[in-house]
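Below is one structure, written out as structure tokens; the observations come after it.
Nothing here was measured: the structure is a model prediction, and the numbers come from that model. Per chain, numbering begins at 1; letters A, B, ... match sequence-line order.
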Amino acid sequence: MRIKSFLILTITLFTIWVILNGKLTPEVLLTGGLVAIVVSLLFCRTCEVFTEIRLTPKAVLYSVLYVFVFMRELVKSNLDVAGRVVSPKLPINPGFVEVKTKLHSKIGRMILANSITLTPGTLTVEINDDRLFIHWIDVQGGNIEKDTEMIVQTFEKYLEVIYG
Amino acid sequence: MANTILQIAGGIMLLSLVLSLYRFFRAGSLVDRVISFDIMTIISISMIAMITYTSGRAIYIDVALIYGLLSFLGVVIVARYLEKSL
Amino acid sequence: METLKIIGAFITLAGSVFLLLGSIGLIRMPDVFTRIQVGTKASTLGTILSLFGIGLMFTEIAGKIFLLIIFILITNPVSSHMLARAAHYIGVKKADITVVDKLSEFREKQPENNAQKPEAE
């Protein structure tokens, strides 16, 4: 499985290198390829982060869908926050709530936490196994199940397919 | 036309920079200061990108890239320091 | 070509408005956590929009702009999460209107775990 990690890291680094250079001459490709392979070999001796990514067609499709869902939530979140900021009464009702996630892989949880941070009124403060502590600018739920349903499930159904 | 709109956008960014600076000086705690500094950095990244366009020199966008990288590292280091785990 | 530039300029303008809203939020919000929320969210979308607009106007640097957008999308939530965590850890004063704090309850239950957590990662 380490081969997969190595390959994903190499390809990512190489793509970034090519975009940064902006041209496709042989020496650029050669240098970038060599450096990407060496760096991946150095840093990927023990890494298991990328092994949890599934590369089935369904997972790829859901990754693309996820980007769109995420963009929609990002715009929604910003309009929501902007409305709160400009409204003269400052309608906030902040609090720290706890939610549970069904994801097991590290990278899946990381992406879930990141997505929660960028979506309407929520900010991941602490993560401990499957318990996420979230600062919510407008607390509505009351118990863990209800909060989980409101905050996590939009993303979880996509991430579950991609990372498990 | 496009340049006029860009000038207005630059003015708005400058105004938000000043507002963040106000919070930087009137901060309640250290964390407040770090947040306003972070936001000032992010606004600066947009302004550097704008300067790249107006001056027409593509090399300036590299400054923005490195600036973003350094600001992220700075915030992470301050956060680790506050948690006494540096 | 000229229309593309005008569209790009308008997108940049929209981004700068979001940046301004973020700064206003920074001043109006009552405590650290709400400031982190408003600051991060508004400034992320604001920067993305401005950079996207500039990318439309100046297509030579579109690749680097794309990388910068991806980079900001990844790092901004991480840095705000770390700041919020540190703020909660050192016990920054919360606003009086905070309704519930499950994290403090959680930390009080396991104090020994609390001290070691940063090394455990």
### Summary
When the 4.5 angstrom heavy-atom criterion is applied to C:Leu73 and chain A, the contacting part is both

### Message
Quick check: under 4.5 Å, non-hydrogen atoms only, which of residues 76-85 of chain A neighbour chain C?
### Response
A:Ser77, A:Asn78, A:Leu79, A:Val81, A:Ala82, A:Val85

### Message
Only pairs of heavy atoms separated by less than 4.5 Å count here; which of C:Gln37, C:Glu60, C:Met82 has the most with chain A?
### Response
C:Gln37

### Message
Set out, in order, the CA-CA distance, both residues' side-chain angles and the distance that settles side-chain contact (heavy atoms from CB on, under 4.5 Å) for A:Leu20 and C:Leu67, then state yes or no.
### Response
CA-CA 8 Å; A:Leu20 274 179; C:Leu67 273 188; 3.6 Å; yes

## Note on the structure
So, the part of A:Ile16 with a heavy atom under 4.5 Å from chain C: the answer is both

### Message
One pair to check against side-chain contact (heavy atoms from CB on, under 4.5 Å): C:Ile48 and A:Met71. What are the steps and the verdict?
### Response
CA-CA 11 Å; C:Ile48 289 171; A:Met71 284 297 165; 5.9 Å; no

### Query
Quick one: does C:Arg28's side chain have a donor or acceptor within less than 3.5 Å of a partner on A:Pro88's backbone?
yes

### Task
Find the one option among A:Ile134, A:Ile111, A:Leu123, A:Thr124 whose heavy-atom pairs under 4.5 Å with chain C are most numerous.
A:Leu123

### Check: A:Thr117 main-chain N/O paired with C:Lys41 side-chain donor or acceptor under 3.5 Å
yes

### Task
Answer yes or no: does atom CZ of C:Phe52 have more than 12 heavy-atom neighbours from other residues, nucleotides or ligands under 6.0 Å?
no

### Message
Any side-chain to backbone donor/acceptor pair from A:Glu126 onto C:His88? Under 3.5 Å, distance only.
### Response
no

### Task
Under 4.5 Å heavy-atom distance to chain A, tell me which part of C:Thr44 shows up: side chain, backbone, both or neither.
side chain

### Message
Tell me whether the count of non-hydrogen atoms from other residues, nucleotides or ligands lying under 6.0 Å of CZ in A:Phe14 goes above 12.
### Response
yes

### Message
Quick check on C:Phe18 against chain A: is it the side chain, the backbone, both or neither that has a heavy atom closer than 4.5 Å?
### Response
side chain

### Query
Do any of residues 33-40 of chain A have a heavy atom less than 4.5 Å from a heavy atom of chain C, and if so, which, in residue order?
none

### Message
I want to check something: taking the side chain as every heavy atom from C-beta on, are C:His81 and A:Asn114 in contact at a cut-off of under 4.5 Å?
### Response
no

